[in-house]
Amino acid sequence: MLNRAKAPWQGMWNGIGGKIDPGESPDTSMKREIAEEAGLNIEPVLRGCVTWNVDHARYGGMYVYTAELDSDIPYITPKQNDEGILDWKPINWVLDPENLGIVSNIPKFLPALFEEQDMYEHHCVYQGNQLVDYVRKQWAPNLIKG
Ligand SMILES: Nc1nc2c([nH]c(=O)n2[C@H]2C[C@H](O)[C@@H](COP(=O)(O)OP(=O)(O)OP(=O)(O)O)O2)c(=O)[nH]1
C-alpha cells in the first residue's frame, strides 16, 4: 500500500498506480508504475475495472490488477519515496470498514479480485467526497492488451 504524499487522498493508503502514458497499454503501464514506485518487477494480472462519477458528473475509471510475489523477495518497509510511504498491510486491516485511513472504495472492490474468478466493473457513486452507492456488474476486457 502507498500512503499518498499528494492529492488526491493525501495521507491515505491506496494501492499503487498511475496514469497510462500515451502509446502504452494498461498492462505495460501497470508494470512500469510498480517498477517506478515500488522497485518491483511484476507480471500484472488484470482483474477488473473501477469506474466512478462524482455529483453526476466527472466520470472516470481505472483498471485493477493483482500480482504474485516471491515470498523471499528482499523488501524492507516502511519505505519512503517521492510518492509517499510504502508498506505491506494485512488484508484484514485493509478491508476493515472502520479503517478510515484507506481510500474508501478499496473495501468494496478488493475482495472480488482475490476471491472470485469473474471480473467486474465496480461502479462507485460519490456525492462530494462521500461514497454513496456501489454496484458491480460482470465485465470483460476488450482490446486493451498490448
Ligand atoms: N483506490 C482508488 N484509487 C483510485 C481511484 N481513482 C483513482 O484515480 N485512483 C488511483 C489511481 C492513481 O494511482 C491515483 C490517482 O492519483 P494521480 O491521478 O495523481 O496519479 P498518480 O500521481 O498516482 O500517477 P502518475 O501521476 O504517477 O501517473 O489513485 C479510486 O476510485 N479508488
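Counting starts at 1 for both ligands and their atoms, following the listed order. Each residue takes its place number in the sequence, starting with 1.
- Atom 24 (O) of ligand 1 has as its closest protein heavy atom Gly18 CA, 3.1 Å.
- Looking at ligand 1, you'll find an N or O of Arg4 within less than 3.5 Å of one of its N or O atoms.
- The heavy atom nearest to atom 30 (C) of ligand 1, considering only Asn14, Asn105, Asp21, is found in Asn105.
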Let's go through Ile20 and Tyr63 carefully: what are the C-alpha distance in whole Å and the side-chain angles of both, what is the deciding distance for side-chain contact (heavy atoms from CB on, under 4.5 Å) to 0.1 Å, and is it a yes or a no? CA-CA 10 Å; Ile20 299 170; Tyr63 300 109; 4.2 Å; yes
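- Of the protein's heavy atoms, Gly17 C, 3.2 Å lies nearest to atom 13 (O) of ligand 1.
- The nearest protein atom to atom 5 (C) of ligand 1, hydrogens excluded, is given as Trp9 CH2, 3.2 Å; this is a heavy-atom distance.
- In this view, Asp55 satisfies the salt bridge (charged side-chain N to carboxylate O under 4.0 Å, His left out) rule with no residue, not counting sequence neighbours.
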List the steps, then state whether side-chain contact (heavy atoms from CB on, under 4.5 Å) holds for Tyr126 with Asn105. CA-CA 10 Å; Tyr126 292 88; Asn105 60 7; 3.2 Å; yes
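- Counting the atoms of ligand 1 from 1 in the order shown, those under 4.0 Å from a heavy atom of Ile106 are 1 (N).
- Here Lys19 does not pair with Glu33 in a salt bridge; the nearest charged N to carboxylate O distance is not below 4.0 Å.
- For the 3.5 Å distance criterion, the side chains of Asn53 and His123 qualify, holding a donor opposite an acceptor.
- Between Arg32 and Glu24 there is a salt bridge, with a side-chain nitrogen of the basic residue lying less than 4.0 Å from a carboxylate oxygen of the acidic one.
- Both tests pass for Arg136 against the ring of Tyr120: distance under 6.0 Å to the centre and angle within 45° of the axis.
- Counting the atoms of ligand 1 from 1 in the order shown, those under 4.0 Å from a heavy atom of Glu33 are 27 (O), 28 (O).
- If you check which protein heavy atom lies closest to atom 22 (O) of ligand 1, you get Lys6 NZ, 3.0 Å.
- Distances below 4.0 Å separate heavy atoms of Pro8 from the following atoms of ligand 1: 15 (C), 16 (O), 19 (O).
- Of the candidates Met62, His122, Lys19, Lys19 brings a heavy atom nearest to atom 18 (O) of ligand 1.
- Atom 8 (O) of ligand 1 has its nearest heavy-atom neighbour, among Trp52, Tyr63, Phe109, in Trp52.
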